[in-house]
Amino acid sequence: GGAGEGDRLHSALWRRVSFVFFFCTIPFNLHPAMDVAGFYNEQSVFLTGATGFMGKTVLEKLMRSCPGISNFYLLMRGKGKHSAQDRLNTLLETELFSRARREQPEAFNRVHAIEGEMTEDHMGISAANLEMLHQRVSIVIHCAATVKFNEKIRTAVQMNVIGARNVLMFCKSLKTCRVFVHVSTAYAHTDRKVIEEVVYPPTIDSENLISLVSMLNDDMVKSLQPGLVGERPNTYTFTKSIAEALLAKEGEGIPIAIVRPSIITSTWREPIPGWCDNLNGVSGLALATGTGILKAMGGDESVRCDTIPVDIVANFTTVVPWYIACKMGDAPKRAPMVFNLTSGGHNPTTWAVWVENLVASFKKNPLEKKVFRRPSLTFLPHDSVKLRWMRLMYHSFPASVVDAIFRILGKPAQMTHTISKLDRVITDYSFFTSREWTWDVKHGQQMMAAMSEADRQRFNFDLSKLHWPTYIEQFCVGLKRHMLQEDMARLHVAHRVQWRIMFITLALKGISLLALAKLVAPYLRRNGYTRSAWLLLIPALLVAKM
């Protein structure tokens, strides 16, 4: 009996020990049943860059799809006579937030502007606000940055490196920081052909870089810029790479995620299909094509064009904090978890597809305002003689003629200045239109696999169903509607404008050719080509796109 009793006690004890051991091996923060919106319940979010293209889209998505968020705190600075609160009020009244206002009107009462400046100590936030934020904020999303390719290196370092460090210091001061999401760029490491989801060693230590730009004058910093930037194309991608390394070096103990989107374009599905409110990157080039100002640029049409709709980026960025906090345990506290967010691995396309469909879309849905010529666009090697010739004949020369006419009429002449700015942009962009990279995207795939089917629908970032020609037409219509404020009901008027532009262009070509023929005719007669002056009309065939 004693032996049997002992066996029973031993068996019971073993079951309890086994249960405790099994329970303790489960990460304490693993919540498989918690959905994305549920994760945000009773959390307060601190967001930088909320007035930027991506930042405001992230804010709208959080307000509309995560109704349980306690507060949104947006770091904003005053601008001129407008305070941070004034700017926030203006932002929330824009068309982008119209759907959120219908579906989640109470969310607007929980959005607060925090006056500050990201590059200053403590981000320029008052002591009272800092204390309040330290107690309440648990999720930080850092979208703010200068995205100008040709930004002075001092400004780029202040915004993209010192700004990131200041946000990290803020995260370390929080009572509870569940996740810090830092938005970088897929092009931070263009010196590599294959870009993995890791933080790469920096070309210069962040502290040394900050010391350099702090101690040296502008001329000395400018002279060092080529050596500092190295093989990267511009100060934007360079400083973004340094910021990533800074977070990896100094961020231990903070759950950090780094999101690297590629070229961000207009919305695909939500909240408004085709919405866009800035002319950075592809949007500016597309509008220049639609107005007929841009005719030729450097690039290779066969190269993959890696663009990503901004609502996909917003959905992805919204899901990342849930994944880091609920699925990844303590790993992100030891090293940042990197997410490459690109389209090439899921649904690749090329610049040829973009160019063909841009031109076709603007011919089908032409612009009514600020039209210079009918749309067309040619990609040529960026160092080719033909490209230089086309830029001279289709950009510089017509701009000079237009400005001369405007001066005669007593109107401001700005076309030459516009063309000069455009040429600088397309020169900067030719690095990206002439090369392609391969990005590892396994972390995003793993995150999608961890989501419920309902969350995959609500926070969709699956690009497999995106049809590029349809999206590009929607993109062009969005530029027409949201950037130029043109009414699609007046499309017939826009078509008349296009026909008028075509006839004016043909008339100018004819006058120019006749003038050239008259100028050269005496020379031709002296050399025995009396009946050959008509050959001068042949160039008309070569300048049909002018």
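Numbers for residues simply follow the sequence, beginning at 1.
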Does [X] have its ring centroid less than 6.0 Å away from the ring centroid of [Y]?
| X | Y | value |
| --- | --- | --- |
| Phe475 | Trp354 | yes |
| Tyr323 | Phe316 | no |
| Trp275 | Phe53 | yes |
| Phe149 | Tyr429 | yes |

query = Is any side-chain heavy atom of Trp268 less than 4.5 Å from a side-chain heavy atom of Pro273?
reply =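 No, their side chains stay 4.5 Å or more apart.
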- [ ] Report yes if the side chains of Met337 and Ile256 come closer than 4.5 Å at any heavy-atom pair, otherwise no.
- [x]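 A side-chain contact is absent here, since even the closest heavy-atom pair is not under 4.5 Å.
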_Cation-pi check for Tyr73 against Arg136: NZ or CZ below 6.0 Å from the six-membered ring centre and within 45 degrees of the axis, yes or no?_
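Cation-pi check for Arg136 and Tyr73: fails.
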Q | Aromatic Tyr187 / basic Lys240 pairing, under 6.0 angstrom, 45° off normal | A |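 The answer is no, since Lys240 fails at least one limit relative to Tyr187.
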For residues 77-98, which residue pairs pass the salt bridge (Lys or Arg N to Asp or Glu O under 4.0 Å) check, not counting sequence neighbours?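 Counting only pairs at least two positions apart or across chains, the salt bridge (Lys or Arg N to Asp or Glu O under 4.0 Å) contacts touching residues 77-98 are Arg77-Glu117.
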Please determine, by modelled atom types, if [X] and [Y] share a side-chain donor-acceptor pair under 3.5 angstrom.
| X | Y | answer |
| --- | --- | --- |
| Ser211 | Asn208 | no |
| Asp277 | His482 | no |
| His182 | Glu244 | no |
| Ser464 | His346 | no |
| Asn315 | Glu270 | yes |

Looking at Arg101 and Leu92, would you say the former's side chain and the latter's main chain have a donor-acceptor pair under 3.5 Å?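 Pair found, side chain donor or acceptor close to backbone of Leu92.
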